[in-house]
Amino acid sequence: MALSWNEIKDRAARFTKEWENTHKEEADAKPFLIDFFNVFGISQKKVGTFEHRVKKLNEQDGYIDLLWKGTLLVEMKSKGKNLDKAYQQARDYLHGLEQHELPSYIVVSDFDHFRLYDVLDESMVSFQLKDFVKHVQHFGFIAGYQQRVYKEQDPVNIKAAELMGKLHDRLKEIGYEGHALEVYLVRLLFCLFADDTTIFERDTFRDLLEQRTHEDGSDLAGRISELFYILNTPREKRLKNIDEQLNAFPYVNGKLFEETLPPASFDSQMRQALLDCCALDWGRISPAIFGSMFQSVMNPKERRNLGAHYTSEKNILKVIKPLFLDALWDEFESVRHNRAKLNEFHKKLSSLTFLDPACGCGNFLVITYRELRLLEIEILRALNKTGQQFIDVREIMWLDVDMMYGIEYEEFPARIAEVAMWLIDHQMNMAISQEFGQYFVRLPLKKAANIVHGNALQIDWESVVPKEQLTYLYGNPPFLGKSNQSLSQKEDMAKVFVGVNSAGALDYVAAWYVKAAQYIQGTTIKVAFVSTNSITQGEQVAVLWGELYRKYNIKIHFAHRSFSWSNEAKGNAGVHVVIIGFASFDTPEKYIYEYATIKGEPQEIKAKNVNPYLVDAKEILVTRRKKPVSHVPEMVYGNKPTDNGNFLFTDAEKEEFLQREPKAERWMKKFIGAEEFINGRFRWCLWLKDASPMDLKAMPLVLERVQKVREFRLKSTKAATVKKAATPYLFDEIRHTGRDYLIIPEVSSERRKYIPIGYMDREVITSNKNYMIPDANLFLFGVLSSEMHMAWVRNVTGRLESRIQYSNGIVYNNFAWPENPSEKQVKAAELAAQKVLDIRSMFPDSSLAALYDPLTMPPQLVKAHQDLDRAVDVCYRPQAFPSEAKRMEFLFDLYERYTAGLFAKEKPKKAKKKVPIADEI
């Protein structure tokens with residue numbers, strides 16, 4: 001059993017006193033180091049190798065004063081010797097060590113001065129022997145105590161996962177797979193962690209493997225099976241003559257080692273792989289981060305970018321802080337000086353329960369539990385200051401892992417989550433031990449996190465935890481759009497969204513919202529989910545939130561607007577998400593977290609209300625409309641060929657075709673899609689709308705293509721497309737008017753501040769990947785090119801991946817145009833709009849993509865757009881809009897008034913009768 005910190009400090013004081021009076025010039029390193037390690041309860045047998053021989057860089061032999069393989073290297077010098085040279089000498093020895101022997105720490109000393117180097121953190125602590133007691137905590141790793149700030153990209157986590165991955169692969173290759181393999185690896189994970197963190201006596205597991213198994217690995221599986229049996233057997237029930245080394249292991253329980261597994265098989269390489277795992281300092285491993293990495297090594301595709309598949313702690317805190325953690329700390333601060341209220345608060349804290357219904361490897365549960373335990377330590381510190389004494393630390397630790405609940409679809413991450421909860425519990429127990437000086441470990445394990453292996457959308461959540469017993473519900477459900485859902489996932493959606501129109505368009509995560517809303521009815525449970533931002537944009541809003549509002553009376557309490565949900569792993573682009581906190585009751589405390597950039601830091605804003613678009617405005621649902629709510633001309637799709645490419649040509653293809661079919665030149669027209677428009681290119685199309693039968697007969701190669709179009713349409717599963725096979729020489733959908741038109745690309749990069757729109761000549765045919773407004777005037781162009789319109793777009797439109805996906809039915813037709821702009825205001829906007837077009841024309845060799853790239857946008861164009869933004873803003877109101885949120889509040893209010901019919905069909909005043917947008921009616 002590990003020593004308590006009080007015992008360690010007492011021993012450190014005795015060690016200092018004994019060795020301060022020794023003549024250091026004549027001191028021997030070995031007895032000094034034996035006494036030094038005894039401070040931490042580590043015997044000479046455990047200390048390592050004295051005078052360890054190693055080959056130096058010059059191929060000569062060197063001798064390390066002490067090597068504790070994989071943990072510590074010590075180089076001792078006589079009093080007054082140069083410790084810089086001693087450290088360099090120690091570093092030179094590393095060249096001659098095997099990978100699994102490399103130490104995490106280096107100590108150099110002249111018996112009076114100490115330097116402790118952390119090899120991985122590249123940090124150093126220096127002190128004199130007389131101050132050893134003050135610095136003894138830095139050597140906690142010797143006794144199994146760790147004080148760590150876990151890095152999300154700590155190479156220790158990645159290295160550990162990679163080594164476990166090698167072991168996994170080899171076991172799978174020999175046929176040890178499935179459930180047995182997953183449980184086996186999770187058990188080994190527990191043993192590795194226990195070996196370095198005082199659950200086991202330090203290095204007991206490693207010594208068993210090194211000293212009691214053959215190098216060829218032939219008996220390793222049997223020895224591990226014995227160990228698993230021992231770990232599941234109370235000491236009093238073990239055989240009397242059991243191997244002493246095996247009997248040193250504690251009784252673990254917790255059902256982790258209960259199941260009898262089929263025996264595995266090892267060879268020399270597999271044995272070495274396991275020893276390499278032992279060589280790592282598992283006290284550095286973060287249970288929250290490692291769990292996801294551990295899971296990802298089981299998937300070769302994910303393993304290529306190991307580290308990209310966990311949820312960062314920073315992002316988890318964005319969920320739990322506004323959901324409950326901030327409020328708990330505020331409450332603690334309000335009672336910290338009142339003993340009675342502190343005890344009441346401690347009791348409340350221990351009664352909280354948490355459910356993550358898509359828990360994966362338990363990241364959210366692990367971080368939550370750690371934060372609650374840290375708060376509990378603060379409570380105990382405060383109680384200590386009020387005079388409340390603790391005789392046994394066990395009596396005051398009220399929080400335990402059984403307060404955490406989870407549901408996970410796959411068995412392996414579910415089992416990892418259980419073990420991760422025990423690991424974080426033990427880490428926090430070590431923190432308590434260090435804080436109060438008493439060694440505290442929960443063995444045997446009597447409680448466990450309640451992780452259910454099952455489909456969260458198929459099972460009743462009350463079978464996991466009755467809702468009367470739950471306090472908070474949260475997590476990070478799967479990010480899957482409708483096109484990426486499997487058949488079984490679509491069946492899950494159908495089961496949850498019974499009778500809900502257009503539910504097939506929803507992301508998979510939406511089902512968790514409805515399940516949660518059903519579960520929390522009649523309770524005070526608070527919920528928060530990370531979600532793809534598409535559930536707050538486009539058509540999904542009305543479908544999902546209409547259901548949540550009408551049927552379940554859901555109220556949003558807080559929301560993080562769109563930001564990039566990712567970590568710093570190489571190649572991890574991240575996905576754009578939102579966080580939404582809600583309940584079935586209202587609250588006066590509502591907050592919106594705004595991001596200046598998608599990867600920026602959030603700014604907290606107090607809100608009167610948070611609507612489904614995550615704006616401080618009324619709970620309005622923008623639905624698809626066939627006609628604009630404002631007095632503006634209609635916006636229509638471009639022309640859809642449905643031709644399997646037979647009507648379309650590149651420049652080269654057109655020239656080659658016309659050489660063989662010269663009569664087709666009359667019917668060739670420039671053709672432009674969204675990509676061509678933005679990048680300043682054209683294609684060509686056969687536009688046979690006015691061609692007579694004789695014209696067609698005179699062009700046999702054209703007829704060949706028409707025939708292929710007919711065949712292609714006849715094979716369609718859509719009745720409307722099959723019907724269009726009757727006129728195969730025409731585009732499937734024709735909306736070209738023969739007039740000049742304004743073109744708006746359907747898809748545009750979210751990086752651009754403005755969607756590039758522009759005018760197009762009547763001779764150019766636009767594809768259905770663009771929208772068009774025939775005969776659009778400058779005022780219309782100006783408003784659509786303004787920040788006011790773009791704010792509406794960013795908040796209301798749907799997304800294709802992260803790119804803006806414009807929609808006439810959702811965006812344009814619902815956009816609230818200025819109520820009654822004066823002619824002067826309209827004229828100013830028109831002049832500003834023309835200036836934008838003029839500036840563009842100054843760069844004839846630059847595409848719209850280059851002109852509107854935030855990195856290359858010309859300063860003249862930036863200023864022209866700023867002037868246009870101000871001119872359009874004045875058409876709405878004289879006061880400036882300080883933020884996008886304020887713009888959206890204004891637009892939603894205006895939208896509500898438009899749709900409520902408050903703008904009666906008034907006759908315009910004489911001064912405004914020529915307002916262009918009204919003229920288009």
*Between Leu894 and Arg877, is a side chain to side chain contact (heavy atoms under 4.5 Å, CB included) present by the stated rule, with each step listed?*
CA-CA 12 Å; Leu894 193 55; Arg877 73 178 193 187; over 6 Å; no
[X] side chain to [Y] backbone, donor-acceptor under 3.5 Å:
{"X": "Thr856", "Y": "Ala850", "result": "yes"}
{"X": "Ser807", "Y": "Gly809", "result": "yes"}
{"X": "Asn814", "Y": "Val622", "result": "no"}
{"X": "Ser630", "Y": "Phe815", "result": "yes"}
{"X": "Trp545", "Y": "Ile535", "result": "yes"}
{"X": "Ser786", "Y": "Val783", "result": "yes"}
{"X": "Asn609", "Y": "Ala617", "result": "yes"}
{"X": "Trp461", "Y": "Ala516", "result": "no"}
{"X": "Asp616", "Y": "Ala607", "result": "no"}
{"X": "Lys467", "Y": "Gln521", "result": "yes"}

Taking the six-membered ring for Trp, is the centroid-to-centroid distance between [X] and [Y] below 6.0 Å?
{"X": "Phe892", "Y": "Tyr613", "result": "yes"}
{"X": "His557", "Y": "Phe585", "result": "yes"}
{"X": "Tyr812", "Y": "Tyr771", "result": "no"}

*Would Val514 and Leu544 count as a side chain to side chain contact (heavy atoms under 4.5 Å, CB included) if you check the C-alpha gap in whole Å, the side-chain angles of each, and the deciding distance to 0.1 Å?*
CA-CA 8 Å; Val514 172; Leu544 173 61; 4.0 Å; yes
Can you find a pair of side-chain heavy atoms, one from [X] and one from [Y], that are under 4.5 Å apart?
{"X": "Arg840", "Y": "Tyr852", "value": "yes"}
{"X": "Val319", "Y": "Asn476", "value": "no"}
{"X": "Ser350", "Y": "Met403", "value": "no"}
{"X": "Asp507", "Y": "Gln540", "value": "yes"}
{"X": "Leu851", "Y": "Pro756", "value": "no"}
{"X": "His560", "Y": "Pro602", "value": "yes"}

For residues [X] and [Y], report the shortest heavy-atom separation together with the two atoms involved.
{"X": "Leu861", "Y": "Met857", "result": "CG-CE, 3.8 Å"}
{"X": "Gly475", "Y": "Asp356", "result": "CA-OD1, 3.6 Å"}
{"X": "Ser564", "Y": "Asn315", "result": "O-ND2, 4.5 Å"}
{"X": "Phe479", "Y": "Val530", "result": "CZ-CG1, 3.8 Å"}

Straight-line distance of [X] [atom1] to [Y] [atom2], nearest 0.5 Å:
{"X": "Ile554", "Y": "Asp586", "atom1": "CD1", "atom2": "CG", "result": "11.0 Å"}
{"X": "Leu372", "Y": "Leu399", "atom1": "CG", "atom2": "CG", "result": "6.0 Å"}
{"X": "Leu375", "Y": "Trp329", "atom1": "CG", "atom2": "CH2", "result": "5.0 Å"}
{"X": "Ser502", "Y": "Phe497", "atom1": "OG", "atom2": "CZ", "result": "11.5 Å"}
{"X": "Lys321", "Y": "Leu323", "atom1": "NZ", "atom2": "CG", "result": "12.5 Å"}
{"X": "Leu891", "Y": "Glu884", "atom1": "CG", "atom2": "CD", "result": "10.0 Å"}

Aromatic rings [X] and [Y]: how do their planes relate, parallel, tilted or perpendicular, breaks at 30° and 60°?
{"X": "Phe779", "Y": "Trp817", "answer": "tilted"}
{"X": "Tyr472", "Y": "Phe324", "answer": "tilted"}
{"X": "Tyr806", "Y": "His789", "answer": "tilted"}
{"X": "Tyr591", "Y": "Tyr593", "answer": "tilted"}

Please determine if [X] and [Y] form a salt bridge, counting it only when a charged side-chain N lies under 4.0 Å from a carboxylate O.
{"X": "Glu313", "Y": "Arg370", "result": "yes"}
{"X": "Glu750", "Y": "Arg794", "result": "no"}
{"X": "Glu378", "Y": "Arg381", "result": "yes"}
{"X": "Arg887", "Y": "Asp873", "result": "yes"}

*Any chance you could lay out the side chain to side chain contact (heavy atoms under 4.5 Å, CB included) test for Leu473 and Lys526, step after step, and finish with the verdict?*
CA-CA 6 Å; Leu473 177 67; Lys526 293 182 178 180; over 6 Å; no
*Knowing that exactly one of Tyr549, Tyr519, Tyr552, Phe582 qualifies, which makes a ring pair (Phe, Tyr, Trp, His ring centres under 6.0 Å) with Tyr513?*
Phe582
Check the surroundings of atom [atom1] in [X]: do more than 12 heavy atoms from other residues, nucleotides or ligands lie under 6.0 Å from it?
{"X": "Glu122", "atom1": "CD", "value": "no"}
{"X": "Lys318", "atom1": "NZ", "value": "yes"}
{"X": "Gln603", "atom1": "CD", "value": "no"}
{"X": "Lys886", "atom1": "NZ", "value": "no"}

*Show the numbers, then the answer: is there a side chain to side chain contact (heavy atoms under 4.5 Å, CB included) between Ile810 and Arg624?*
CA-CA 5 Å; Ile810 293 289; Arg624 180 171 290 277; 3.9 Å; yes
_Test log, rule side-chain hydrogen bond (donor to acceptor under 3.5 Å, both in side chains), inputs His346 and Glu376_ = CA-CA 7 Å; His346 192 189; Glu376 184 179 40; 2.7 Å; yes
